[in-house]
Amino acid sequence: MTIRGAGRIARAGSTALGDMAREYAGSDVDAFISELALARDTILASRPTAVSLWNGVHATLRGVDGCRSVADARELVVSNSEDFVRRSLTAVEEIARIGAKRISDGDTILTHCNSSAALGVIKEAHRQGKDIRVYATESRPWRQGILTVNDLASAGIDTTLIIDSAVRSVMKRVDKVFVGADTVTSHGALVNKVGTSQLALAAHEARVQFYVCSETYKFSPMTLYGDMVTIEERDISEVVRPGEVPDSVKIFNPVFDSTPARYIDAIITELGMISPGSVYDVMVRQFGDEILRG
Ligand code: RI2
């Protein structure tokens, strides 16, 4: 939890492998490749839900198995890592440019948790001179909403913090919802911070547009083959203090939830705005046959 946000997590995983390659002092290429594989598995185990990490790590190690010397492998991993990080940062900027066009002067926006992609869109609309107001959820238990309201307020945006259970009652004042993504499945469902699906339901009920801001490396190739997205569960200490409830009370602390495609108006990617039904086509274009088969 030191590094938060699916994009930042992916860039951190990729950068770690790049740094490891840069600093590797051995001369046996097979040993180097084995150590990289071990590092890959350790990094992936750290956050099971965000596929951005999986895609970032695999993009960084792509082609390394074919390298015949440590120097070649090092050069490839370092360059793959730099390329991934650059593409990731550019994607956030592109999403901001595209998404900001969907925000009109006078709009009231609702966002959830702390997504750099969604905040990029909102801040770009404000930078363009649009008069907007933003409601941001607290996002228990880690309260990443505090990061969000600090970011928005320092950009000079009219910002209101609400508790998560106020979402439905606030929705009647909202014009558009913008959220980020941890993973988007092949059938266009969104896996994002727990509570996102409640925003989507309330938005649907109130006929408020619901936009997902997602770089395409948050699209999950594994879901194409029927794999479920693992929803990370975290420690009960995030929810209750020691002794606050009897030991007989079970605590369930899922960190993410899934929003079905039918509640999503559009997914804003660096390639443009797409419908949830287009995710498969974009995946094929982005990842190609090789990774989709793998
Ligand atoms: P960006 C965060 O979760 C939130 O769920 C957010 O919507 C999502 O990542 C995407 O964030 P976590 O991975 O990549 O920090 O847009 O637990 O910053």
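Order of listing sets the numbers, starting from 1, for every ligand and every atom in it. Position 1 is the first residue of the sequence, and the numbers go up from there.
Between N192 and ligand 1, at least one N/O pair is under 3.5 Å apart. For ligand 1, one of its N or O atoms has an N or O atom of S115 under 3.5 Å away. Note: no N/O pair closer than 3.5 Å links V255 and ligand 1 by distance alone. The shortest N or O to N or O distance between K193 and ligand 1 is below 3.5 Å. Residue K218 has at least one nitrogen or oxygen atom sitting less than 3.5 Å from a nitrogen or oxygen atom of ligand 1, judged on distance alone. For ligand 1, none of its N or O atoms has an N or O atom of F256 under 3.5 Å away. In terms of polar-atom proximity, defined here as any N/O pair under 3.5 Å, I9 makes no such contact with ligand 1. When only interatomic distances are considered, the shortest N/O to N/O separation between E215 and ligand 1 does not fall below 3.5 Å.
Distances shorter than 4.0 angstrom do not occur between any heavy atom of A50 and any atom of ligand 1. Judged by the shortest distance from any of its heavy atoms, W142 lies outside the 4.0 Å radius around the atoms of ligand 1.
Under the 3.5 Å distance criterion, the side-chain polar atoms of S220 are left unmatched by any main-chain donor or acceptor of V51.
Side-chain contact of T185 with T223: a donor-acceptor pair under 3.5 Å is absent, judged by distance alone. A donor-acceptor pair shorter than 3.5 Å cannot be found between the side chains of D182 and T49.
With E215 as reference, I95 is the one residue of I95, T269, T90 to meet the side-chain contact (heavy atoms from CB on, under 4.5 Å) rule.
Closest approach of V134 and T111 over heavy atoms only: CG1-CG2, 4.2 Å.
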